[in-house]
Amino acid sequence: MKAESASAPSSYVPDSYGRNLYEVDPQFDALLRLYLPGDLFGHLRPHLVRLGRLAGSTLDELAGTADRNPPALRHRTRNGADRQSLVKHPAYQELERFAYSEYGLAALSHRGGVLGWPDPMPPAAKYALTFLFVQAEFGLCCPVSMTDSLARTLRKFGSPALVARYLPALTSQDMDTLAQGAMFMTEHGAGSDVGATATLARKAADGTWQLYGDKWFCSNPDAALAMVLARPEGSVNGTKGLALFLLPRELPDGSPNGYRILRLKEKLGTRSMASGEIRLEGATAHLVGDLGRGFVQMTDMINNSRLSNGVRAAGLMRRALNEALFVANERSAFGRRLIGLPLMQRQLAKMMVWTEQARTMMFQAAAALGAADRGDATARQLVRILTPLIKFRACRDARKVAGDAMEVRGGCGYIEEWAEPRVLRDAHLGSIWEGTSNIVALDVLRSIRKGDALAALAAQWQRQLDEAALPPARRARFDALLRGATEFAREAAAAPEDTFARQAASGLYHATTAAAMAWESKRTGDARRLLLAQMVLSHRMAARDPLAADPEATPLIAALLAERPLREAELAAAVR
Ligand SMILES: Cc1cc2nc3c(=O)[nH]c(=O)nc-3n(C[C@H](O)[C@H](O)[C@H](O)COP(=O)(O)OP(=O)(O)OC[C@H]3O[C@@H](n4cnc5c(N)ncnc54)[C@H](O)[C@@H]3O)c2cc1C
């Protein structure tokens with residue numbers, strides 16, 4: 001909400017409206033220099049700075065308005081025609097314009113020309129922009145990601161004719177010609193258990209396909225195009241009998257396709273964006289790829305969406321942390337700034353560790369995805385395991401960090417005028433959709449059983465730690481804890497039941513972030529990343545005496561929270 005207290009007395013509650021969310025976060029800039037090619041970083045930086053300013057002001061205000069004015073379903077036109085439409089608040093439409101048109105978030109992976117860059121951009125660029133955008137608006141990022149992911153899956157598995165017909169609209173930056181994407185999978189009896197999908201696909205004599213059945217959760221339900229899983233008549237049970245279809249909202253003559261939105265869901269979060277229930281009543285759809293490989297192909301779209309979910313969780317955490325740091329710096333109690341109170345510093349440092357882990361994970365996944373898309377087989381293994389890892393742990397951590405940030409603002413953190421309640425409500429969704437926490441943790445174990453993902457990950461840690469060139473004692477501590485995480489995950493994957501899937505996934509997530517942060521520290525020359533890595537080891541991996549003081553409870557925490565770079569010598573002097 002817009003600040004109305006800019007010139008208010010200092011006793012008023014501090015309001016962060018108008019701060020540039022890129023500029024208040026200097027570690028982001030340093031990491032982007034590391035993870036983006038130099039020329040692309042130089043080109044994108046002014047766009048990031050502008051987006052940071054917008055996210056801290058205009059977009060945030062629009063997001064608050066859109067959250068308070070959810071979309072409505074209209075079944076008829078005013079002159080009585082049975083034509084459904086969603087009435088979206090102008091604030092949401094303006095957010096759409098920023099995301100799809102100005103920043104081309106759904107297009108920039110697929111073609112050049114977005115933000116003046118001649119080529120498609122690598123995943124790190126897309127995630128960097130998303131990371132900033134989502135700090136203002138979370139709900140819309142779902143349709144944007146589905147549009148991007150649908151285009152990716154269509155390009156991978158669709159026939160050349162289908163791609164030629166629909167890709168230009170999917171990647172359009174013109175709101176009048178843009179076709180948004182959606183994904184209709186979940187049914188009443190088929191959520192996690194996708195193999196129970198009952199939606200029927202019937203092939204007509206002329207070779208076209210018609211879909212029949214109910215889809216129970218459909219975000220962006222009025223999208224121009226949706227990927228739908230359905231079971232062709234007579235095919236086998238389970239996921240092997242599923243086919244993937246592209247469902248257009250309109251038929252070629254402009255009339256509505258044969259499906260209806262039955263109602264919209266009343267949701268805890270993402271209230272700006274519509275999620276509905278759909279009944280397919282003989283809707284015409286195009287088969288995508290091979291008949292018996294529908295689920296495998298859909299997995300590509302799901303995984304891209306899961307990765308995006310992890311990125312959004314990282315962004316939400318950063319927003320929560322930004323607010324908390326701001327309040328702690330600006331607010332005084334008992335004659336002292338909150339940021340100067342060691343008890344408060346511990347809470348903020350903990351939030352920062354979890355937040356920075358997610359950001360590192362985001363960049364690691366982006367780097368692996370970029371390499372995998374260029375044909376690197378090891379990187380493909382890495383993406384296979386990093387995707388469920390970030391989806392699982394970052395989305396869960398976002399719930400906690402958002403709740404903790406709420407408390408740092410005190411009573412106002414609970415009041416809907418401020419960003420915290422919206423961030424908290426939105427943060428709880430990440431671990432439910434696109435696969436609940438249990439389901440994605442199970443996917444981590446599956447990636448270990450079915451391929452070389454764990455070996456690829458462990459080898460990556462070793463390479464990163466070698467490059468980090470840690471002193472022997474410190475390296476030994478890393479090695480011991482990382483080995484423990486690998487062994488535990490291997491045992492969990494080999495066990496007859498999946499009881500420890502989540503514990504194993506958490507261990508791997510922490511190990512991955514610790515190794516990568518140590519590497520980032522060396523590469524950026526900023527020992528804060530190493531301090532964060534050590535805090536991951538101490539607080540999230542090592543056995544702890546609950547009555548002992550932290551090894552990192554030093555004056556360095558203040559440096560961390562002040563967001564000023566740290567020299568390695570300072571760290572070595574202060575932390576064993
Ligand atoms: C706001 C919102 C928007 C959504 N948008 C879409 C959309 O656009 N498209 C779409 O297709 N879906 C969408 N979904 C659906 C979402 O993906 C599903 O709700 C989710 O996958 C879980 O399925 P379910 O609700 O059937 O729960 P269930 O599958 O019934 O799961 C219930 C619980 O059982 C657990 N569980 C299930 N199997 C196992 C197992 N083997 N081991 C251990 N635990 C298990 C789960 O972890 C969960 O905790 C949306 C959901 C929400 C809330």
Side-chain angles (χ1 to χ4, degrees), residues 67 70-71 86 138-150 153 180-199 211 213-223 225-230 238-239 242 244-245 247 249 259 261-280 294-295 298-299 301-306 308-309 312 388 391-392 395-396 399 422 425-446 449 492-493 495-505:
D67 182 64
L86 283 186
F138 178 83
L140 171 61
C141 288
C142 165
V144 171
S145 161
M146 289 197 294
T147 306
D148 168 54
S149 303
L150 188 148
T153 303
Q180 294 188 25
M183 175 163 77
F184 304 161
M185 236 176 24
T186 306
E187 300 177 7
H188 312 70
S192 308
D193 186 4
V194 181
T197 297
T199 294
L211 306 184
D214 274 15
K215 291 292 181 183
W216 181 227
F217 274 97
C218 304
S219 293
N220 210 21
D222 68 334
L225 292 165
M227 284 290 185
V228 183
L229 273 183
T239 52
L242 296 176
L244 183 60
F245 293 91
L247 175 77
R249 183 82 182 107
Y259 64 95
I261 305 169
L262 299 179
R263 60 172 180 163
L264 299 184
K265 306 277 196 193
E266 199 177 327
K267 298 179 286 181
L268 174 71
T270 62
R271 297 178 67 87
S272 61
M273 182 270 298
S275 300
E277 298 163 19
I278 279 183
R279 176 159 298 158
L280 299 150
F295 179 69
M298 188 59 157
T299 303
M301 182 164 175
I302 298 169
N303 279 335
N304 209 45
S305 306
R306 284 182 176 172
S308 168
N309 252 288
R312 283 176 256 161
K391 166 70 170 79
F392 167 61
C395 291
R396 287 211 69 74
R399 292 175 163 207
R422 190 175 81 239
R425 288 188 278 106
D426 288 346
H428 274 259
L429 184 51
S431 21
I432 295 176
W433 63 9
E434 311 284 0
T436 55
S437 299
N438 284 356
I439 295 304
V440 283
L442 289 174
D443 197 42
V444 172
L445 294 192
R446 203 170 303 119
R449 289 186 193 121
E497 288 286 357
D498 297 316
T499 319
F500 300 110
R502 289 169 74 137
Q503 215 175 325

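Both ligands and their constituent atoms are indexed starting at 1 by order of listing. Model, not experiment: these values are computed from the prediction.
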Residue and atom name of the nearest protein heavy atom (relative to atom 14 (N) of ligand 1), distance in Å to one decimal: Phe217 CB, 3.2 Å
Distance flag for atom 44 (N) of ligand 1, protein heavy atom under 4.0 Å: yes
Flag: protein heavy atom within less than 4.0 Å of atom 11 (O) of ligand 1: yes
Shortest non-hydrogen contact from Asn304 toward Ser149: ND2-OG, 3.1 Å
Met183 neighbourhood, listing ligand 1 atoms whose heavy-atom distance to it stays under 4.0 Å: 7 (C), 8 (O), 9 (N), 10 (C), 11 (O)
Nitrogen or oxygen of Cys218 less than 3.5 angstrom from that of ligand 1: no
Minimum side-chain heavy-atom gap Phe295-Met185 below 4.5 Å: no
Closest protein heavy atom (residue, atom, distance) for atom 28 (P) of ligand 1: Ser192 OG, 3.6 Å
Lys391 side-chain N/O to Gly435 backbone N/O, donor-acceptor pair under 3.5 Å: yes
Interatomic distance, Leu244 atom CG to Thr153 atom OG1 [nearest 0.5 angstrom]: 7.5 Å
Element-labelled atoms of ligand 1 that are located less than 4.0 Å from some non-hydrogen atom of Ser219: 3 (C), 4 (C), 5 (N), 6 (C), 7 (C), 8 (O)
Minimum-distance protein heavy atom relative to atom 20 (C) of ligand 1: Ile432 O, 3.6 Å
Ligand 1 contact on Cys142 by region, counting heavy-atom pairs under 4.0 Å: neither
Aromatic ring pairing Tyr259/Phe184, orientation class (parallel under 30°, perpendicular over 60°, tilted between): perpendicular
Leu242 side chain near Met298 side chain, heavy-atom distance below 4.5 Å: no
Pick from Leu442, Thr186, Asn438: the one approaching atom 40 (C) of ligand 1 most closely through a non-hydrogen atom: Leu442
Lys267 neighbourhood, listing ligand 1 atoms whose heavy-atom distance to it stays under 4.0 Å: 1 (C)
Atom 26 (O) of ligand 1: the protein heavy-atom neighbour that sits closest, reported with distance to 0.1 Å: Gly191 CA, 3.1 Å
Side-chain heavy-atom pair Lys215, Glu187 within 4.5 angstrom cut-off: yes
Numbered atoms and elements of ligand 1 in range of Ile439, under 4.0 angstrom, heavy atoms: 37 (C), 38 (N), 39 (C)
Expected output: side-chain Arg306 to main-chain Glu434 donor-acceptor under 3.5 Å: yes
Residue among Asn309, Thr270, Thr186 satisfying side-chain hydrogen bond (donor to acceptor under 3.5 Å, both in side chains) with Trp433: Asn309
Nearest protein heavy atom under 4.0 Å from atom 30 (O) of ligand 1, yes or no: no
Interfacing atoms of ligand 1 (cut-off 4.0 Å, heavy-atom, Glu434): 17 (O)
Test item: Arg425 side-chain N/O and Leu268 main-chain N/O as donor-acceptor pair under 3.5 Å: yes
Heavy-atom protein contact below 4.0 Å for atom 52 (C) of ligand 1: yes
Under 3.5 Å: N/O of Thr436 near N/O of ligand 1: yes
Side chain, backbone, both or neither: the part of Asp498 lying under 4.0 Å from ligand 1 by heavy atom: neither
Side-chain heavy-atom pair Val194, Thr197 within 4.5 angstrom cut-off: yes
